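Step one of this worksheet: look at the structure below.
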Amino acid sequence: MKKYFNTAGICYPDEHYMVNMDSRLQEIAQLIERGEYITLHKARQYGKTTTLHLLTEQLAQKYAIFSISFEGISENTYTVEASFVKRICGLFYNALLYGETDGISKEAQDVCKKMSNTDLKDSDLFSLSNLITKICMEAEKPVVLFIDEVDQASNQEIFLSFLGMLRDKYLKRKRQPTFQSVILASVYDIKNLRLKMRPASEHLYNSPWNIAADFNVDMNFCIKDIAGMLDEYNKDNHIKMDVLSIAKDIFDYTFGYPFLVSRICKIMDEILPKRNFNSVWTHEGVIEAIKELLLESNTLFDDMIKKLNDFPELKKMLYSMLFQGEKFLYNADSFICNIGLMFGFLKNSEGMIALSNRIFETRLYNLFLSEDLITSKIYKSALLDKNQFIKNKELDMERILMKFTEAFTEIYSDEDDSFLEGNGRRFFLLYLKPIINGIGNYYIEARTRNMRRTDIIIDYLGKQYVCELKIWHGKEYHERGEKQLIDYLDYYHLKKGYMLSFNFNKKKEIGVKRIKIGDKVLVEAVV
């Protein structure tokens with residue numbers, strides 16, 4: 001049976017290539033063994049459903065597991081307490097009926113069936129609590145509850161009351177039988193439901209889920225994880241690839257975000273061969289797959305756009321980080337910081353807020369730039385000139401800098417310096433976009449992105465180009481920038497690099513020149 005890379009929903013190990021989850025599952029199993037209540041809150045497409053599925057399979061002998069989901073439950077279910085209780089009992093009974101949960105007494109099953117099929121007006125959370133007590137008291141083994149897609153219900157008052165009931169039973173667990181452990185899978189952290197609402201909302205709920213243990217299991221895939229999955233694929237398909245090198249390339253662009261890792265591999269396995277792309281499982285193949293990924297519409301990117309529209313403050317923050325190089329300290333009390341981290345767009349990098357991976361970063365750049373395309377004069381200028389910038393399937397970066405300098409000077413010579421200083425890098429990326437669009441990609445080197453300097457790495461048909469963008473702050477700073485660019489060229493094994501300086505001195509010399517430093521050539525443009 002042919003195996004595939006999986007990027008959606010549940011992942012079955014015998015049908016799909018997947019990262020070995022054993023160590024992560026063991027960590028969660030230890031929490032369950034200790035009787036902890038947990039919130040498995042991670043961003044979209046992070047493998048939450050797959051994790052619950054694998055846990056259910058792995059722990060079924062030891063525990064009676066009710067694994068249910070709130071996905072698809074209608075709003076009407078939450079309006080009346082009896083309706084909510086009936087639905088919960090229905091989900092429990094379905095798990096029993098289809099053999100997903102065993103070890104539950106016949107009497108408890110009968111009560112569950114009755115409560116799931118009868119419209120009892122007096123059916124309430126108290127009766128549900130009694131059912132849970134009966135189930136757990138008469139079960140042959142400890143009972144565990146997994147609830148997936150909790151976000152579907154987390155802003156409903158009846159759901160908060162349900163959590164409150166579980167909390168009450170947890171606090172009384174030494175006297176009254178209840179679940180050994182409960183895991184809620186969600187994007188939002190149920191321990192702080194206020195983040196689900198707007199900061200100025202009239203209805204701010206304090207979550208009753210403050211009993212939950214901290215969940216510190218790292219769900220990102222490391223290079224070793226990715227290499228293990230690729231090694232299995234390599235053995236099955238008899239492909240000669242440098243597994244560790246490919247794994248590192250994929251990690252460098254994704255930072256181990258599960259969906260992005262799997263999607264890149266799936267594109268390389270299924271899409272690139274159909275295009276007769278040579279050397280699929282190489283660095284060039286990874287870059288080509290990333291280009292394909294950045295052009296497609298998928299649930300993860302669609303959700304990103306939705307979240308930015310829902311939270312304009314987050315969108316503003318991301319824009320200023322990307323185009324103005326602004327730095328933000330991580331603040332655990334910041335609503336926007338927490339929202340960005342929760343959605344997986346941002347990460348805490350040594351006390352500073354950073355974009356979580358290059359894929360998200362480039363997709364966000366493309367999104368923000370697309371909003372300017374219709375009205376941008378610099379974009380239209382590059383669109384008219386783009387055919388002259390490709391020679392023998394290589395970018396003529398020197399000519400790009402020269403023509404950009406001419407266009408920038410002509411279009412923006414009368415603009416205020418502060419406006420140009422804040423938007424210079426955006427103008428260059430707008431100019432670059434139609435030239436490489438559909439063929440090449442770019443990303444920003446996060447370590448050098450600040451209000452004074454940005455390094456752009458351009459991938460075009462397997463070749464890389466490093467271009468430093470910076471605001472002129474004197475000769476000494478300029479020379480230091482040259483030294484840093486030389487170091488980058490050494491890292492990328494390149495002999496030629498490019499610099500674009502936005503100089504606002506009145507006596508500046510506009511134009512492009514070449515400078516030889518050791519065995520390197522720097523092409524420097526000043527506007």
Side-chain angles (χ1 to χ4, degrees), residues 5 7 17 19 43-47 218-230 233 241-272 277 279-301 304 318 321-322 343-347 349 354-367 369 429 432-433 436-449 454-467 488 491-494:
F5 289 101
T7 56
Y17 293 106
V19 162
R44 293 290 179 202
Q45 302 286 342
Y46 233 94
D218 187 0
M219 300 296 285
N220 286 309
F221 297 159
C222 66
I223 295 174
K224 183 180 178 181
D225 291 330
I226 301 170
M229 178 175 62
L230 292 178
Y233 175 89
M241 74 164 99
D242 187 337
V243 168
L244 193 59
S245 177
I246 299 301
K248 184 179 183 305
D249 283 342
I250 294 173
F251 179 84
D252 284 346
Y253 279 88
T254 64
F255 202 70
Y257 197 111
F259 172 84
L260 298 176
V261 171
S262 296
R263 184 60 190 156
I264 288 171
C265 292
K266 192 176 182 70
I267 291 171
M268 295 173 76
D269 178 43
E270 299 179 17
I271 296 178
L272 296 191
F277 183 86
S279 304
V280 170
W281 294 97
T282 63
H283 172 76
E284 290 73 21
V286 175
I287 299 302
E288 187 69 16
I290 289 169
K291 185 187 76 175
E292 180 73 23
L293 173 60
L294 288 169
L295 291 174
E296 73 178 14
S297 175
N298 57 52
T299 54
L300 182 61
F301 294 152
M304 172 188 285
L318 290 168
M321 289 175 65
L322 294 174
F343 294 154
F345 307 156
L346 300 172
K347 63 183 177 182
S349 178
L355 271 296
S356 59
N357 59 68
R358 291 178 185 172
I359 301 294
F360 280 172
E361 178 179 289
T362 306
R363 187 77 181 204
L364 288 168
Y365 269 117
N366 291 341
L367 171 65
L369 291 174
L429 290 175
L432 185 64
K433 189 169 181 61
I436 67 171
N437 194 40
I439 300 176
N441 286 319
Y442 64 86
Y443 68 89
I444 310 301
E445 176 49 62
R447 289 171 295 179
T448 63
R449 180 180 48 226
T454 293
D455 285 323
I456 301 175
I457 316 300
I458 303 166
D459 287 309
Y460 190 87
L461 293 178
K463 293 184 173 57
Q464 291 185 310
Y465 308 81
V466 179
C467 184
Y488 258 100
Y491 178 80
Y492 286 100
H493 308 290
L494 299 172

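Quantities reported herein were computed from a predicted structural model and do not represent experimental measurements.
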* Asked: Is a side-chain donor or acceptor of Ser245 paired with a backbone partner of Asp242 at a separation under 3.5 angstrom?
  -> no
* Using a strict 4.0 Å threshold on nitrogen-to-oxygen distance, state whether Lys291 and Glu288 make a salt bridge. => yes
* To do: Can you measure from OH (Tyr257) to CZ (Phe221) and round to the nearest 0.5 angstrom?
  => 11.0 Å
* Is the closest side-chain heavy-atom distance between Glu270 and Phe5 below 4.5 Å? -> no
* Asked: Within the side chain of Tyr460, is there an N or O that forms a donor-acceptor pair under 3.5 Å with the backbone of Ile436?
  -> no
* Asked: Can you list the residues that meet the ring-ring contact (aromatic ring centres under 6.0 Å, His included) rule with Phe251, with sequence neighbours excluded?
  -> Phe255
* Output the distance between atom CG (Leu230) and atom OH (Tyr17), rounded to the nearest 0.5 Å. => 10.5 Å
* Asked: Judged by atom type as modelled, is there a donor-acceptor pair below 3.5 Å linking the side chain of Arg363 to the main-chain atoms of Leu294?
  -> yes
* Point-to-point distance, once rounded to the nearest 0.5 Å, from NZ of Lys266 to CZ of Phe259 -> 10.0 Å
* Asked: Any sub-3.5 Å donor-acceptor pair from Thr254's side-chain atoms to Val261's backbone N or O?
  -> no
* Look at the side chain of Thr362 and the backbone N and O of Tyr442, then say whether any donor-acceptor pair between them is shorter than 3.5 Å. => yes
* Asked: With a 4.5 Å limit on heavy-atom distance, are the side chains of Arg44 and Thr299 in contact?
  -> no
* Asked: Should Asn366 and Lys433 count as side-chain neighbours, where that means a heavy-atom distance under 4.5 Å?
  -> yes
* Flag side-chain contact, heavy atom, 4.5 Å: Ile444 against Leu322 -> no
* To do: Please name the pair of heavy atoms, one in Glu284 and one in Gly462, separated by the smallest distance, quoted to 0.1 Å.
  => CG-CA, 4.0 Å
* To do: Assess whether side-chain contact (heavy atoms from CB on, under 4.5 Å) is satisfied between Phe360 and Leu260, documenting all intermediate values.
  => CA-CA 10 Å; Phe360 280 172; Leu260 298 176; 4.1 Å; yes
* **Separation of Leu318 CG from Tyr365 OH (nearest 0.5 Å)** => 10.5 Å
* Asked: Could you go step by step and tell me if Asp455 and Tyr488 meet the side chain to side chain donor-acceptor pair (under 3.5 Å) rule?
  -> CA-CA 9 Å; Asp455 285 323; Tyr488 258 100; 4.6 Å; no
* What distance do Ile359 atom CD1 and Ile290 atom CD1 have between them, rounded to the nearest 0.5 Å? -> 4.5 Å
* Structure fact -> Nearest heavy-atom approach of Ile223 to Ala247 is O-CB, 3.7 Å
* Would you give the length of the straight line joining atom CG of Asp249 to atom OG1 of Thr282, rounded to the nearest 0.5 angstrom? => 9.0 Å
* Does some side-chain heavy atom of Gln464 sit less than 4.5 Å from a side-chain heavy atom of His283? -> yes
* Decide side chain to side chain donor-acceptor pair (under 3.5 Å) for Lys347 and Asn357; before the verdict, give the C-alpha distance in whole Å, the side-chain angles of both, and the deciding distance to 0.1 Å. => CA-CA 9 Å; Lys347 63 183 177 182; Asn357 59 68; over 6 Å; no
* To do: Any chance you could lay out the side-chain contact (heavy atoms from CB on, under 4.5 Å) test for Leu346 and Met321, step after step, and finish with the verdict?
  => CA-CA 11 Å; Leu346 300 172; Met321 289 175 65; 4.1 Å; yes
* Structure fact -> For Lys463, the salt bridge (charged side-chain N to carboxylate O under 4.0 Å, His left out) test, sequence neighbours excluded, returns Glu394
* Asked: Heavy-atom distance under 4.5 Å between the side chains of Gln45 and Asn298, does that happen here?
  -> no
* **Residue list, salt bridge (charged side-chain N to carboxylate O under 4.0 Å, His left out) with Asp225, at least two apart or on another chain** => Arg24
* Structure fact -> Residues Gly285 and Leu272: closest non-hydrogen pair is O-CD1, 3.5 Å
* Quick one: does Glu361's side chain have a donor or acceptor within less than 3.5 Å of a partner on Tyr443's backbone? -> no
* Asked: Is any side-chain heavy atom of Leu367 closer than 4.5 Å to a side-chain heavy atom of Phe301?
  -> no
